[in-house]
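Contents: one structure, followed by commentary.
Predicted, not measured: the structure shown is a model, and the values here were computed from it. We number each residue from 1, following the sequence as shown.
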Amino acid sequence: MGKRIISLFFLALVLLTTGLSVWGPEAFSRWKDRSLLGRIHRQEVELSGEGYRYEMSASEKLYVLSQALGSRNFPESGQYGAWNGGAQYQESGGNYALIINHRGLEETAEDAASGEEVCETCNEGLRVLKSAGLLPESVAEVDPGLYDAVLYSAIDVREPRNYVPVWKLSLADDIRGIRKENRPMDLYLDADDGKIYEFYVRTQWEWEDIDPDTIVQNWCSYLGLPEPFRLEDDNPLSESTPFFKKYIIPGEGEEQTVVTVGFYEGIREFFIKISR
């Protein structure tokens, strides 16, 4: 009698297990559907890319800017073409582009700083360059009334997240009576942090007063760049002056930027220029 009860118990257990395996999943699914359908459910989802902004290193920014400047089709002080009410390419074709975002120091765009702010940022940069021995103290500061300005974006077309916004300030050539001695003529400064990348400045210096090796070392330190090394192939025809030295700034992978420290003797114009 006891064995019969045990056998019946095991038979019932087997039948129950078999039934659950066959009809259980379907019944559970119907129950879950009824609990979810027709109701609003909230779930917190963390997006991995939300709020992320790619930050370029100093050498990456220098490289992108040098490539974009080297891709220009128009001369430095030449035409900009017709405006079409928005951003404008100054370069077409190639992997890098220089785009005009805003012209003038007047506050005419929501995202453009006022002329006073841009010039003050530039003057702060000039003071730092003077304290680092990159410019003599006699160099005058920039004045909104005497300078033209264009806000550019230097962009890696293949990776648009790699871009550098820069202001180009140039001494106006349509104002009479401006003395050019001891004045910045042209310069590019970072629109985000105010660092000055490239400049042409009239000074009281002679070429004999300039130590290019020290200048480029201090300039790299100012921008937070790697150690430069000399570019030995100083082709005398590569510049319109015999007074210059060229250096290489290493970047990411095989990227590198050429930096020229030079001087125009007749007008005493000292410059640091970046190029491809």
Enumerate, atom names and distances included, each donor-acceptor pair closer than 3.5 Å involving a side-chain atom of residues 258-268, sequence neighbours excluded.
| unit_1 | atom_1 | unit_2 | atom_2 | d |
| --- | --- | --- | --- | --- |
| Thr260 | OG1 | Lys246 | NZ | 2.7 |
| Arg268 | NE | Glu206 | OE2 | 2.9 |
| Arg268 | NH2 | Glu206 | OE2 | 2.8 |

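- Listed by chain and number, the residues in a side-chain hydrogen bond (donor to acceptor under 3.5 Å, both in side chains) with Gln217 are Glu227 (sequence neighbours excluded).
- A salt bridge links Arg202 to Glu269: one of the charged nitrogens lies within less than 4.0 Å of a carboxylate oxygen.
- Contact check for Pro184 versus Leu169: no side-chain heavy atoms found under the 4.5 Å cut-off.
- Counting only heavy atoms from C-beta outward, the side chains of Trp207 and Pro212 approach each other to under 4.5 Å.
- Applying the side-chain hydrogen bond (donor to acceptor under 3.5 Å, both in side chains) rule to Glu141 yields the partners Arg127; only residues at least two apart in sequence or on another chain are considered.
- Within the 4.5 Å cutoff, no side-chain heavy atoms of Phe199 are placed close to those of Lys273.
- For Ala58, the side-chain contact (heavy atoms from CB on, under 4.5 Å) criterion is met by Leu225, not counting sequence neighbours.
- Partners of Lys195 under the salt bridge (charged side-chain N to carboxylate O under 4.0 Å, His left out) rule, at least two apart in sequence or in another chain, do not exist in this structure.
- The side-chain contact (heavy atoms from CB on, under 4.5 Å) test applied to Asp213 returns Asp211, Arg230, Lys245, Tyr247, not counting sequence neighbours.
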Test side chain to side chain contact (heavy atoms under 4.5 Å, CB included) on Tyr200 and Leu187; report intermediate values, then the result.
CA-CA 6 Å; Tyr200 293 77; Leu187 52 82; over 6 Å; no
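- By the neighbour-count criterion of 12 heavy atoms within 6.0 Å, atom NZ of Lys130 is densely surrounded, having more than that number from other residues, nucleotides or ligands.
- Asn123 is linked by a side-chain hydrogen bond (donor to acceptor under 3.5 Å, both in side chains) to nothing, counting only residues two or more places apart in sequence or in another chain.
- Applying the side-chain hydrogen bond (donor to acceptor under 3.5 Å, both in side chains) rule to Arg179 yields no partners; only residues at least two apart in sequence or on another chain are considered.
- Side-chain contact between Pro226 and Ser59: present, with at least one pair of heavy atoms (C-beta onward) separated by less than 4.5 Å.
- Using a 4.5 Å cut-off on side-chain heavy atoms (C-beta onward), Ile272 and Trp219 make contact.
- No side-chain heavy atom of Asn218 sits less than 4.5 Å from a side-chain heavy atom of Tyr222.
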I would like to know whether Ser71 and Arg276 meet side chain to side chain contact (heavy atoms under 4.5 Å, CB included); could you show each step before the answer?
CA-CA 9 Å; Ser71 298; Arg276 297 190 289 182; 3.6 Å; yes
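- Residues Trp167 and Cys122 are not in side-chain contact: their nearest non-hydrogen atoms beyond the backbone lie 4.5 Å or more apart.
- Ala172 meets the side-chain contact (heavy atoms from CB on, under 4.5 Å) test with Asp148, Asp174, Ile175; sequence neighbours excluded.
- In this structure, Ile248 CD1 and Phe229 CZ are separated by 5.5 Å, a value rounded to the nearest 0.5 Å.
- Evaluation of the side-chain contact (heavy atoms from CB on, under 4.5 Å) rule for Glu60 yields Tyr54, Met56, Ser57, Glu252 as partners, not counting sequence neighbours.
- Using a distance-only test at 3.5 Å, with no hydrogens or angles considered, no donor-acceptor pair links the side chain of Ser153 to the main chain of Ile155.
- Looking at residues two or more places apart in sequence or on another chain, you find a salt bridge (charged side-chain N to carboxylate O under 4.0 Å, His left out) between Asp193 and Lys61.
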Side chain to side chain contact (heavy atoms under 4.5 Å, CB included) between Leu69 and Ser275, intermediate numbers included:
CA-CA 7 Å; Leu69 291 175; Ser275 57; over 6 Å; no
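- With sequence neighbours excluded, no residue satisfies ring-ring contact (aromatic ring centres under 6.0 Å, His included) with Tyr197.
- Not a single donor-acceptor pair under 3.5 Å links the side chain of Glu198 to the backbone N or O of Tyr188.
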From CA spacing to verdict: side chain to side chain contact (heavy atoms under 4.5 Å, CB included), Phe270, Ile215:
CA-CA 11 Å; Phe270 167 57; Ile215 289 288; 3.9 Å; yes
